[in-house]
Number of protein chains: 2
Amino acid sequence: MRLSNPRDVGYYVRDQRREQGMTQSDLCAAAEVSRRWLSDLESGKQTAEIGLVFKVLHALRLTLVANPTTYGPDDLDLDEYLRRFDHNDAGDADHA
Amino acid sequence: MRLSNPRDVGYYVRDQRREQGMTQSDLCAAAEVSRRWLSDLESGKQTAEIGLVFKVLHALRLTLVANPTTYGPDDLDLDEYLRRFDHNDAGDADHA
DNA sequence: GCCATTTGCGCGCGTACATGCACATGGACG
DNA sequence: CGTCCATGTGCATGTACGCGCGCAAATGGC
């Protein structure tokens, strides 16, 4: 999952937390941050402290990898792509 | 390049900046952050603002990718491994 | 619908962050 | 050697961050 900005980070953290069946209370305890802050982080807080972000990522057993930005087939995360596709279909169904 | 903590981030940013032939002044201007802050970031500042970190990463044309932490051959970055090996050899040479 | 749980967010507090300035230091170069 | 450049870091300032509390709104299960 590519993360381009704090918003991406926050949404991804929320997704992963839910996938792992955790509440914010569970995760903030595991990461040793305040629930208030975690809520903000998940909403895309621009000014979050990076050290705390890493604590959350570790609590979720997530790893960050940095790479030179490239544009091509390697950038295509198939699961992500299909998920986006399915989401768009669901959106169309709602509007139809 | 795996980034586990702000220290990793800072050192990686410094490495990449140098590889790209930039000074801190060049990079802080490109990223629109203070040079003072960039210097701290490169030293591993725990409390840096994540939004600003992303600005620096973008200025260096770097991308972050988040993955579940796994342990196995996939985690083996060969360049990184060799660099660590070389570094250890250099370390041994110093101590010998 | 009811109820319990979860989440968003206002608020105040003590601490500190990003900034810009300036200076010291180390390294490169002529 | 002297000069220049890049970098580390002390300092002061205005702004705000992480925390904890508490309450309202949202969500999910029955």
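Below, read A as the first sequence line, B as the second, and so on, with proteins coming before strands; counting in each chain starts at 1. Quick caveat, the model's predicted, so the values are computed rather than measured.
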Under the 3.5 Å rule, do the base of dT7(C) and the side chain of Arg14(A) count as making a donor-acceptor pair? no

For the side chain of Lys45(A), counting heavy atoms from C-beta on, which of dC17(D), dG8(C), dG8(D) is nearest? dC17(D)

Can you find an N or O donor on one side and an acceptor on the other, under 3.5 Å apart, linking the side chain of Arg36(A) with the base of dG22(D)? no

Winner on side-chain proximity to Ser39(A), out of dT7(C), dG8(C), dG8(D), is dG8(C)

Would you mind telling me which of dT7(D), dT19(C), dG22(D) lies closest to the side-chain atoms of Arg35(B)? dT7(D)

Side-chain donor/acceptor of Thr69(A) to backbone N/O of Arg61(B), under 3.5 Å: yes

Think Thr47(B) has a side-chain N or O under 4.0 angstrom from the OP1 or OP2 of dC17(C)? yes

Selected nucleotide, minimal atom distance to Leu52(B) side chain, candidates dA18(C), dG18(D), dC19(D): dA18(C)

Donor + acceptor pair across side chains of Thr23(B), Asp26(B) (<3.5 Å): yes

Does Gln24(A) reach the main-chain N or O of Leu38(A) with its side chain, forming a donor-acceptor pair under 3.5 Å? no

Measuring from the side chain of Gln24(B) (C-beta onward, heavy atoms only), which nucleotide among dA18(C), dC19(D), dT7(D) has the closest atom? dT7(D)

In whole angstroms, how far is the C1' atom of dC17(C) from the CH2 atom of Trp37(B)? 11 Å

Counting side-chain heavy atoms from C-beta on, which of dT19(C), dG20(D), dA6(D) comes nearest to Thr23(B)? dA6(D)

Under a 3.5 Å distance rule, please check whether His58(B) uses its side chain to pair with a backbone N or O of Ser4(A) as donor and acceptor. yes

